[in-house]
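Every number for a ligand or one of its atoms is a count from 1 in the order of the listing.
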Amino acid sequence: MSLLTVTGLSITGQGGTGLVDDVSFEVGPGDRTGLIGESGSGKSLTSLAVMGLLPAGLTATGDVRLGGVDMIGAPERRRTGVRGKVAATVFQEPLTALDPLMTAGRQIAEPVRRFRGLRGTALRDAVHAALDEVRLTDTERIAGSYPHELSGGQRQRVAIAMALACRPRLLIADEPTTALDVTVQAEILDLLDRLVTTHGTALLFITHDLAVAARVTRQTHVLRQGRIVESAPITELIDRPAHEYTRTLVDSARRFDTALGRHLS
Ligand SMILES: Nc1ncnc2c1ncn2[C@@H]1O[C@H](COP(=O)(O)OP(=O)(O)O)[C@@H](O)[C@H]1O
Ligand SMILES: [Mg+2]
């Protein structure tokens, strides 16, 4: 059974401007699906529509089923039940997911308490296990730190720990490493790769960067101006891009990112 099915999703802005146009794709249990395209191609809006969280003023049509729930038409109460539990999200800027006034430990404890019903020592242990899992050593200190006391990489690890603490079946990662230094970026990609493998979590990975996609995604959809122009396993997209736009992406990745050439050859 498909975990996520997006069929003919279109998103329009005020005055009917087309932002996403007839997008269809599926993510099955344990899949690693990529959405790739340049800035403004509709990647984030697609992921927000999947979570039923489009900004006010935008309208979605088509069909989005996440864990069997209609994320466009179902009552808000049903859609809320899906968020965090069936699918969780990690964004480019971890600060958007983190409450500046809450310690890292309390932020992770919140969903664990809510979704897994843990209290007291069991809750504390679960929080420390979650921090351990994202390779944050010195868990006692990190758990007691506020977001501004952590580095960008540490914050993204906390955000990943929060997203995975409730064992969602799908993790949606929207440019999760774009704001980070290249070395930290590689560490976070390795971490995501390991965690989704360990837990059998499906991954919908969104990026503008072909070399980044090459590290973690399999079946990948190329978005251009709100439309999917090509879908194929990432290795095929790189070796035999069929659409001219994909060819442009591959060429510029090769040209500007020689250090990442090994992922592209
Ligand atoms: N809240 C909004 N209202 C109107 N237009 C928006 C809104 N959010 C995004 N857009 C527009 O929709 C298009 C797709 O945006 P987005 O999905 O954020 O692109 P990506 O994530 O691929 O960079 C862009 O042209 C963007 O300007
Ligand atoms: Mg985006």
Side-chain angles (χ1 to χ4, degrees), residues 4 6-27 32-64 66 71-72 76 79 83 87-98 152 155-156 159-160 163 170-180 184-185 188-189 192 203-217 219-232 234 237 241 243-250 252-253 256-257:
L4 169 65
V6 176
T7 315
L9 172 68
S10 294
I11 300 171
T12 49
Q14 264 142 357
T17 24
L19 303 173
V20 168
D21 184 11
D22 196 21
V23 161
S24 301
F25 65 93
E26 271 189 17
V27 183
R32 286 152 172 255
T33 303
L35 280 185
I36 186 165
E38 63 195 350
S39 176
S41 57
K43 307 181 297 295
S44 293
L45 288 184
T46 300
S47 73
L48 288 170
V50 164
M51 296 300 277
L53 291 172
L54 274 185
L58 303 189
T59 311
T61 56
D63 195 61
V64 175
L66 178 56
M71 297 305 281
I72 295 178
E76 178 55 21
R79 294 185 287 160
R83 294 181 201 126
T89 41
V90 176
F91 298 105
Q92 174 171 337
E93 180 39 76
L95 284 179
T96 56
L98 302 178
R155 284 182 206 136
Q156 197 56 299
I160 292 169
L170 172 66
L171 180 68
I172 300 179
D174 186 352
E175 307 261 15
T177 61
T178 303
L180 304 171
V184 180
Q185 188 170 351
I188 298 286
L189 288 176
L192 274 176
L203 182 65
L204 177 60
F205 191 93
I206 295 174
T207 181
H208 69 282
D209 187 333
L210 196 70
V212 165
R215 292 181 74 129
V216 285
T217 76
Q219 183 71 14
T220 298
H221 308 280
V222 182
L223 263 180
R224 186 189 185 215
Q225 294 174 356
R227 297 195 70 112
I228 292 180
V229 295
E230 183 170 1
S231 303
I234 187 74
L237 285 180
H243 194 281
E244 196 188 315
Y245 176 67
T246 315
R247 257 196 302 278
T248 319
L249 287 181
V250 174
S252 67
F256 293 112
D257 234 337

Exercise. Considering only heavy atoms from C-beta outward, does the side chain of L204 approach that of L171 to under 4.5 Å?
Worked result: no
Exercise. Checking side chain to side chain contact (heavy atoms under 4.5 Å, CB included) against I11, which of V20, D21, T59 comes through?
Worked result: V20
For this session: Using a 4.0 Å heavy-atom cut-off, say whether S41 meets ligand 1 through its side chain, its backbone, both or neither.
Result: both
Seminar exercise, completed: Checking heavy-atom distances from atom 22 (O) of ligand 1 to each of H208, Q225, K43, E175, the winner is K43
For this session: Could you say whether the N/O atoms of L19 and ligand 1 ever approach to under 3.5 Å?
Result: no
Problem set entry | Contact check: T46 vs ligand 1, nitrogen or oxygen atoms, below 3.5 angstrom | no
Seminar exercise, completed: Any heavy atom of L45 under 4.0 Å from ligand 1? The part involved is both
Exercise. How about Q92: does one of its N, O or S atoms come closer than 2.8 Å to the Mg ion (ligand 2)?
Worked result: no
Problem set entry | Option from V23, T217, T207, T46 for which side chain to side chain contact (heavy atoms under 4.5 Å, CB included) with L35 holds | T46
For this session: Check ligand 1 against E38 and write out every atom of the ligand that is under 4.0 Å from a heavy-atom position of the residue.
Result: 22 (O)
Exercise. Does a side-chain heavy-atom distance below 4.5 Å link I36 with K43?
Worked result: no
Exercise. If you take all heavy atoms of F205 and P176, which pair is closest and at what distance?
Worked result: CE1-CG, 3.5 Å
For this session: Provide the number and element of each atom of ligand 1 under 4.0 Å from a heavy atom of P55.
Result: 1 (N)
Exercise. Any N or O of G42 that comes nearer than 3.5 Å to an N or O of ligand 1?
Worked result: yes
For this session: Report the part of D174 (side chain from C-beta onward, or backbone N, CA, C, O) that has a heavy atom under 4.0 Å from ligand 1; answer both or neither where that applies.
Result: neither
Problem set entry | Heavy-atom side-chain proximity of L189 to V212 below 4.5 angstrom | yes
Exercise. By number and element, which atoms of ligand 1 are closer than 4.0 Å to a non-hydrogen atom of S44?
Worked result: 17 (O), 18 (O), 20 (P), 21 (O)
Exercise. Any side-chain heavy-atom pair from L4 and V50 closer than 4.5 angstrom?
Worked result: yes
Exercise. With no hydrogens and no angle check, do the side chains of T246 and E230 hold a donor and an acceptor under 3.5 Å apart?
Worked result: yes
For this session: Answer yes or no: is there a side-chain heavy-atom contact under 4.5 Å between D174 and T89?
Result: no
Problem set entry | Within-cutoff protein neighbour (heavy atom, under 4.0 Å) for atom 1 (N) of ligand 1 | yes
Seminar exercise, completed: For atom 25 (O) of ligand 1, the closest protein heavy atom turns out to be G40 O, 3.8 Å
Problem set entry | Side-chain touch T33/H221, heavy atoms, less than 4.5 angstrom | yes
For this session: Write out the residue and atom name of the closest protein heavy atom to atom 4 (C) of ligand 1, then the distance separating them to 0.1 Å.
Result: L58 CD2, 3.8 Å
Problem set entry | Contact with ligand 1 for G13, non-hydrogen, under 4.0 angstrom | no
